[in-house]
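For reference, the structure discussed in these notes is given below.
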Amino acid sequence: MDKYKVLIQRKIQQNVNKQLCGTSPVELQFEIDLMPTGELIGNPKMLKSSGIPVCDESVERAIFQSQPLPVPTDTDLFSKFKNLKLNFHPNEKI
Amino acid sequence: MKKSLLLASLLSLFLVGCSSTPINDASKPTGPSVSNDEKDLDLASLRDPNNILSKRSIYFDYDKDVVKAEYKDLVAAHAKYVSIHPKAKMTLTGNTDDRGSREYNVSLGQRRSVSVKKSMNVLGAQDTQIETVSFGEERADTNCKDDACYAKDRRVDISYEKE
Amino acid sequence: MRKYNLHMSQIFKAFISLVLFSFISFNAFAIETIEISGGGTKQINIAVMPYKEIALDKTNSRMHQIIAADLYRSGFFKPLDVDGLMNKPSILSEINYSEMNAIEAQVMTLGQVEINNNRMKVNWFLVDINKKTILTTMEFSGPVAQYRAIAHKISDTIYEKLTGIPGVFSTKISYISKNKGRYSLNVADADGFNVQSVVGSPQPLISARWSPDGTKFAYVSFEKKKPIIYIQSLVTGQRTVVANFKGNNSSPSWSPDGRRLAIVLTYNANSQIYLIDPDGSNLKPLIQSAHIDTEPVWSPDGKFIYFTSDRGGRPQIYKVSSSGGEPQRVSFEGNQNLNPNISPDGKMLAYVMQDEGRFRVVLHDLQTGQITKITDGPFDEAPKFSPNGHVILYAHKINGSGELSTVSIDGVVRQSFNIHADDIREPAWGPFVK
């Protein structure tokens, strides 16, 4: 379970372009729905904006870019991943 | 002939108007007084290859503006020359190698020309007859790879207004 | 009694519903949350399609190459290779989104050109590949001969839409070139094209600085065998002497309102900083010392002047109030620091640091004190911020000859200009033109 969380986290993180998010700490939150293939259903839903429109757009692009997300093939396990909340802190050191 | 008379009268007007070296004006009057200058300024001695006055360059150690002992006689000769020729106008032009920024090198070259001037002041040369300027790195060899090459650029050149 | 019983069963039903509801809710609201910190990418993937010329029904790559080069040089974009694609859409209905997804394009720009009587009309689109939406529509027209200017306007529009920062692709740069012993002050487009000579001289030219309104240059010429400061109008071509005092006259720097210049004079002593009006009047010393003080640069709010001084031994960067006073040292790392330039928002300095034998460009965050080395040297000089503060233009020497380069302020994208292979030095970046 955690293994998939880490895989998803890594894949999306690699695609996040924080250049457009300024230098102060900002926080964003998106909600996504996934197909068993790891593809998005519809667009990511922004729950919390960074306050910087180009940053929000950049993080949203990163989510799209990360398709297909590495989700479990087992149906029971997948049910925990078909709806995810993603919290972003682009300016935090990893 | 007419033209030179006109110039001569303009020149005398100019000389009447300015009794001391103007600070703001860099333009130099031209005129037919060459033969007077030859005598007054003893230009021949400046040109004579056997005369130390024909030597015009003083070289400096890296990062230093101290005039080295080996140039003492050269400095003294030129200082004496301006002292005994009150109409002589000397320019000391400082130079640097091409490392660093251009404007800072203008200042560094200037520090060297000022250092030479001070050595001459001590020997009686007046500031009114000397202008210190700098070309910075603008005359430097841009292909230097070692200090033997850079050393040639660390230099003050002595020149005179009328020669 | 009945009422009470009914009430009880209602309550019971409600209770069951509540329990069931909670049970379901508990599952429904147990959304996994994933924390994602930092970011691994630095650029937006963009597919820049060649435009299609309507009348000739052929695709022409000139403008798309200019746009792709502009966007790449900014450091924010990675233009994708579209040359190998079979499908080169020029209208929205031609876009093959799965093909774009396959090359990992995040955004795409495409359009059409109509040419009539030497005038071109350009219709351009910026498209979000993921959401399949149009981000911007652009329409530009102008003489065909100005196709580069139109391409730069498209680059500006794309850049601003996606980064929120004003683009500098339509601005100008200047530099001094040396060719066969002759010097020339030149103005060019920000990408190095359309070079025009403003001043020519048999003796060196240095320190050319754009006036804040972009209509004049202050520069230093050695044509009289000593450095003298001139101001020349780009509009009329006329020039005037600003300073020709005894000794050196150099290092001019315009105040942000264009009404004063900080300059460096020597008389018969060391370099010192003065303030003067552009017409050469109202000369006033800024600070006085026995040391070298030079390379003054005004802060954008006009309150401070940063400069280079060797009062501490080796050249370092200092700062002083523009009304004079006690200078404060600003640079502390490396062996020596010189040639300061300040960002348009006043928050960063760019200067040249010498350490380990190399001269390289560094960025100094004035708020945090952090220093970042953004070039490698060994002989880098004259860093200048772009008017949007995101790119540094600088010169560097290779085998005795100078070249210009730009580097994005994160140090990621570096590009060199090979302008006719001349010996190039002293770059400066022109302001935004209204």
Side-chain angles (χ1 to χ4, degrees), chain B residues 20-28 63 65 89-118 120-121 125-145 147 149 157 159-161, chain C residues 176 178 183 203-207 220 222 224-228 241 243-252 264 266-272 280 283 291-296 308-310 314-315 336 338-340 351-352 354 357 359 378-379 381-383 395 397 399-402 423 425-426:
Chain B
S20 57
T21 313
I23 293 177
N24 286 5
D25 189 356
S27 62
K28 300 170 177 47
D63 213 25
D65 51 25
K89 298 269 191 292
M90 172 200 283
T91 301
L92 295 170
T93 304
N95 297 280
T96 67
D97 64 42
D98 71 343
R99 295 173 291 184
S101 66
R102 284 177 198 272
E103 278 289 352
Y104 189 75
N105 283 334
V106 167
S107 301
L108 210 50
Q110 176 70 6
R111 215 166 63 183
R112 288 180 177 141
S113 52
V114 168
S115 175
V116 171
K117 179 195 75 85
K118 285 184 177 163
M120 294 194 183
N121 289 150
Q126 300 295 314
D127 270 10
T128 47
Q129 288 178 268
I130 303 176
E131 188 178 15
T132 50
V133 297
S134 166
F135 257 69
E137 64 176 86
E138 303 308 313
R139 288 177 167 160
D141 183 340
T142 55
N143 282 308
C144 280
K145 301 278 190 288
D147 195 61
C149 177
D157 295 323
S159 58
Y160 290 93
E161 184 189 42
Chain C
I176 290 166
K178 181 179 177 185
Y183 299 81
Q203 292 290 338
L205 300 167
I206 63 171
S207 303
V220 176
F222 286 81
K224 299 232 158 84
K225 303 292 175 66
K226 56 174 272 191
I228 292 172
V241 174
N244 183 4
F245 299 97
K246 185 169 183 180
N248 299 334
N249 305 262
S250 69
S251 205
V264 174
T266 60
Y267 293 105
N268 253 348
N270 277 333
S271 298
Q272 297 287 283
L283 181 73
H291 305 281
I292 291 175
D293 295 326
T294 184
E295 302 185 325
T308 305
S309 175
D310 70 350
R314 296 195 170 281
Q336 33 172 309
L338 356 92
N339 218 338
Y351 50 85
V352 175
Q354 189 240 12
F359 290 89
F379 296 116
E381 58 184 40
K397 289 179 204 157
N399 295 327
S401 186
D423 177 2
R425 68 282 291 275
E426 300 284 88

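All values below were derived from every heavy atom in this structure, side-chain atoms included, with hydrogens, water molecules and symmetry-related copies excluded. The structure presented is a predicted model; accordingly, all values stated were derived computationally and were not measured. Residue numbering restarts at 1 for every chain, and letters A, B, ... go by the order of the sequence lines.
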message = Measuring from atom CG of B:Leu108 to atom CG of C:Leu338, what distance do you get when rounded to the nearest 0.5 angstrom?
response = 10.0 Å

inquiry  = I need the C:Asn248 CG to B:Ser113 OG distance, nearest 0.5 Å.
reply    = 7.0 Å

task = Check step by step if side-chain contact (heavy atoms from CB on, under 4.5 Å) holds for B:Glu103 and C:Ser207.
result = CA-CA 8 Å; B:Glu103 278 289 352; C:Ser207 303; 2.5 Å; yes

With a 4.5 angstrom heavy-atom cut-off, could you sort out which part of [X] is near chain B: side chain, backbone, both or neither?
X	result
C:Val241	neither
C:Glu381	side chain
C:Ala269	backbone
C:Thr308	side chain

Identify the heavy atoms of [X] and [Y] that sit nearest to each other, and give their distance.
X	Y	answer
B:Thr128	C:Lys246	CA-NZ, 4.1 Å
B:Glu138	C:Ile206	OE2-CG2, 3.4 Å
B:Phe135	C:Pro204	CE2-CD, 4.0 Å
B:Ser101	C:Asn339	CB-ND2, 3.2 Å
C:Pro227	B:Ser134	CD-O, 3.6 Å
C:Ser250	B:Val106	OG-CG1, 4.2 Å

Heavy-atom check, side chain of C:Arg314 versus side chain of B:Asp63, under 4.5 Å =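 Side chain of C:Arg314 against side chain of B:Asp63, heavy atoms only: contact under 4.5 Å found.
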
task = Find out whether B:Thr91 and C:Lys226 are in side-chain contact, i.e. whether some heavy atom of one side chain is under 4.5 Å from a heavy atom of the other.
result =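 Heavy-atom side-chain distance check fails, nothing below 4.5 Å.
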
Could you tell me which of [options] has the largest number of non-hydrogen atom pairs under 4.5 Å with chain B?
options	answer
C:Ser251, C:Gly402, C:Ser271, C:Pro378	C:Ser251
C:Asn270, C:Asn399, C:Val352, C:Val220	C:Asn270
C:Gln336, C:Glu295, C:Glu426, C:Gln203	C:Glu295

message = With a 4.5 angstrom heavy-atom cut-off, is it the side chain or the backbone of B:Arg99 that approaches chain C, or both, or neither?
response = both

inquiry  = I'd like to know whether C:Tyr267 forms a side-chain contact (heavy atoms from CB on, under 4.5 Å) with B:Asp127, so could you lay out the CA-CA distance, the side-chain angles of the two residues, the decisive distance to 0.1 Å, and finally the verdict.
reply    = CA-CA 10 Å; C:Tyr267 293 105; B:Asp127 270 10; over 6 Å; no

ask   = C:Phe379: what forms a ring pair (Phe, Tyr, Trp, His ring centres under 6.0 Å) with it, not counting sequence neighbours?
value =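 Partners of C:Phe379 by the ring pair (Phe, Tyr, Trp, His ring centres under 6.0 Å) criterion come out as none, since no residue qualifies.
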
Salt bridge present between B:Glu137 and C:Lys397 (N-O < 4.0 angstrom) = yes

task = Not counting sequence neighbours, which residues clear side chain to side chain donor-acceptor pair (under 3.5 Å) with B:Thr132? List them please.
result = B:Gln110, C:Asn268

